[in-house]
Amino acid sequence: MKTEDNQLDLWEVFIQSKSGLPHIHSGSVHASDVKMAMQNARDIYTRRGEGTSIWVVPSKAIKASNPDDNDMLFDPSNDKIYRHPTFYIMPEGAKNI
Amino acid sequence: MTKKEELYLYTLRLGDNALILSHRLSQLCSKGPILEEDLALTNIALDLLGRAQALLKYAGEIEGKNRSEDDLAYRREEKNYYNLLLTEQPNKDFAHVIARQLFISTFEFFLFQELEKSADTTLSAIAGKTIKEVKYHLQHASDWTIRLGDGTKESHDRMQSAINDLWMYTGELFEMNGIDLDLLTQGIAVDTIPLQKKWRDCINSVLNEATLFVPKDTYMQTGSINGVHSEHLGHILAEMQYLQRAYPDAKW
Amino acid sequence: MHNEHTDSHFQKRIDDGEHIEPKDYMPDGYRKHLIRQMSQHAHSEVIGMQPEGNWITRAPSLRAKQILLAKIQDEGGHGLYLYSAAETLGISRAEMIEQLHTGKAKYSNIFNYPALNWADIGAIGWLVDGAAIVNQVSLQRTSFGPYSRAMVRICKEESFHQRQGYEIMARMMKGTKDQQAMAQDAMNRWWWPALMMFGPHDIDSPHSGDAVKWKIKRESNDTLRQKFIDKTVQQAELIGLVMPDKDIKWNESKGHYDHGKIDWDEFHRVIKGNGPCNKQRLDHHINYFNEGAWVRDAAEAYKIKHLKEELVIA
């Protein structure tokens, strides 16, 4: 890559909108170091008071599952219905369970 | 000069700094070195503009002549502006923008901590809000100073030039006149003398980490406290005040 | 087991209303179409900062300046969201910018027109953003996940843009004779280019077929244009602006406004590079991109020097 083409590294941004809630992926930013990534995430994704906490992660540190493996990864859990509370038959009249 | 007039001029000075620096930063919109930085600089410009609005509005109230923040911003002549010469210096390159930010944000970091203790409750409240913003401005400017100073040969040289070029405008940061001294005795204004050493230490440590030299002591430019400016301010105001001056009866 | 790497399986997913995610199988044409459309969309947001930027330093009140700055900043942010979404398809932002600079990638034609008086800021917000919003609302349901998510975020943020533009126009129409003249002048210059933003008529639109089949595009150019006209005419009349089209007339039987003929020669002339500001807009972008190179290089050099420290912290 030509040096003048350099647009810095890609980072993924996760924002927690309120304490108690999970951090959710908001988008990405370009930055050369972690401080810059944090500041850019703040300047871009919390302009309207959307955040109480920010995580930034280098995009290349994230490994995504391959959609081709979806049958292997996710289908086997489909028939494990005993993991859901609705699987169990409660005696009639039982309350608060 | 009455106490009211003094407080008016003191507040105006603080407001003018924010207004003119904000104007300079707003000129960079769509010109940032990378899109992310474009947005970051605009955020700082917006913080400053908000601060200018609050301070000029308050100045108008103190003056009591029914002048709004817009009247003060758009209908005042150059010689009645009291912003620091540093705030009006041009955006020569990104290094100059960052050097200007570093010098001013470091100063404001200390200034507004003190002003928060002011006996004037409005100034104290504005200072309380401002200090949070300035902390961020300072971090942004320090980080960039270090990156540019300790980056490539070109960025190092540009950053050093910017520091050298703007150094002669930093003496003004700590200047005080009779107004300051009067208001100081009433617990309203900030005594900037003790801030000078803190500012120096802070700048030294950032420049040191950035592998940059602190410029040798030099003649310090002065004038803004009396409304005497560099040639740049006239152009800023000509542009900024154009519509209000050309159509004096119009409401925008 | 059925093969998931076929166009027919892909099309079935689209038809079932599923979203396509970056790592999913997609036909080459789908990927190319998206990259072209999303990068064009991103470039439009970024180039669109310029005409409004032309008035930041002359904004006539502190409030007006504040709103304008925030709005232009939003546009930069939207460009950024869209670049990011396009990057998930395997093209880098640097490549997209290069395509912009070489003319391979386009941006919206509308930004090749100049912003000449303060009312243009009103007209851009009201008409240009107004037209863009009609399109963007529809794109929230586009089939590519990252594009759709970016559009949802953008639409949420854009909702104030059109209102601020209309507020400026309304205020100026209530103002002095000079201000009213500025507002009408801006209306006259921006109305037709705003209509052209929706692209050629459906019968002349070369890319629409696949884009509709793949649910990248959810509604046709003419449908969206009509929606925009229908809602805008009333707003113009309310504040006393004259529509710069003598053929604008409510058509009772269609339930829509009829409008005059759009000058497609002008549209094609501007697309080919002969608009008033084509060269200026691109030059601006190239100049500041080049001017920023030493800053980006410095940041990169600093990173490499201090890479070890960062790893230790991590």
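Chain naming here is simple, since letters A, B, ... match the order of the sequence lines and numbering starts at 1 in each. Predicted model, so just to flag it, every value in this text is computed and none were measured.
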Under 3.5 Å: donor-acceptor pair, side chain of [X], backbone of [Y]:
X	Y	result
B:Ser105	B:Gln101	yes
C:Arg281	C:Asn112	no
B:His156	B:Gly149	yes
B:Arg24	B:Thr87	no
B:Asp47	B:Glu133	no

So which part of [X] gets closer than 4.5 Å to some heavy atom of chain B, the side chain, the backbone, both or neither?
X	result
C:Thr176	side chain
C:Lys65	both
C:Gln179	side chain
C:Gln73	both
C:His284	side chain
C:Leu69	both
C:Ala70	both

Most chain C-contacting option - heavy-atom pairs closer than 4.5 Å, from [options]:
options	answer
B:Met240, B:Arg158, B:Glu154	B:Arg158
B:Asp38, B:Leu39, B:Ile236, B:Leu19	B:Leu39
B:Leu35, B:Leu56, B:Ile34, B:Thr152	B:Leu35

> Honestly, is B:Arg76 close enough over B:Tyr81, meaning NZ or CZ under 6.0 Å from the six-membered ring centre and within 45° of the axis?
Replying inline: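 That pair qualifies as a cation-pi contact.
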> Do B:His140 and B:Tyr136 have their ring centres less than 6.0 Å from each other?
Replying inline: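 No; B:Tyr136 has its ring centre 6.0 Å or more from that of B:His140.
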>> Test salt bridge (Lys or Arg N to Asp or Glu O under 4.0 Å) on C:Arg93 and B:Glu36; report intermediate values, then the result.
In response: CA-CA 12 Å; C:Arg93 196 197 292 179; B:Glu36 279 79 354; 2.6 Å; yes
> Among side-chain atoms of C:Gln50 and C:Asn54, is any donor-acceptor pair under 3.5 angstrom?
Replying inline: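 There is no such pair between these side chains.
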> Taking atom types as modelled and ignoring hydrogens, do the side chains of C:His41 and C:Gln136 form a donor-acceptor contact shorter than 3.5 angstrom?
Replying inline: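 Per modelled atom types, C:His41 and C:Gln136 side chains form a pair under 3.5 Å.
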Part of [X] lying under 4.5 Å from any heavy atom of chain C:
X	value
B:Tyr74	side chain
B:Gln244	side chain
B:Ala250	both
B:Ala238	neither
B:Gln241	neither
B:Lys251	backbone
B:Asp150	both
B:Ile146	both

> Hey, what's the ring geometry for C:His78 with C:Tyr81, parallel, tilted or perpendicular (30° and 60° as the breaks)?
Replying inline: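 Plane angle between 30° and 60°, so tilted.
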> What's the spacing between B:Leu237 CG and B:Glu88 CD if we round to 0.5 Å?
Replying inline: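 Between atom CG of B:Leu237 and atom CD of B:Glu88 there are 8.5 Å.
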> Could you give the distance from CE (C:Met49) to CD1 (C:Ile72), rounded to the nearest 0.5 Å?
Replying inline: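 If we round to the nearest 0.5 Å, C:Met49:CE and C:Ile72:CD1 are 7.0 Å apart.
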Between [options], which has the largest tally of heavy atom pairs under 4.5 Å with chain B?
options	value
C:Ala301, C:Ser61, C:Gly292, C:Gly175	C:Ser61
C:Gly76, C:Ala299, C:Ala298, C:Gly53	C:Ala298
C:Ile47, C:Val295, C:Leu62	C:Leu62

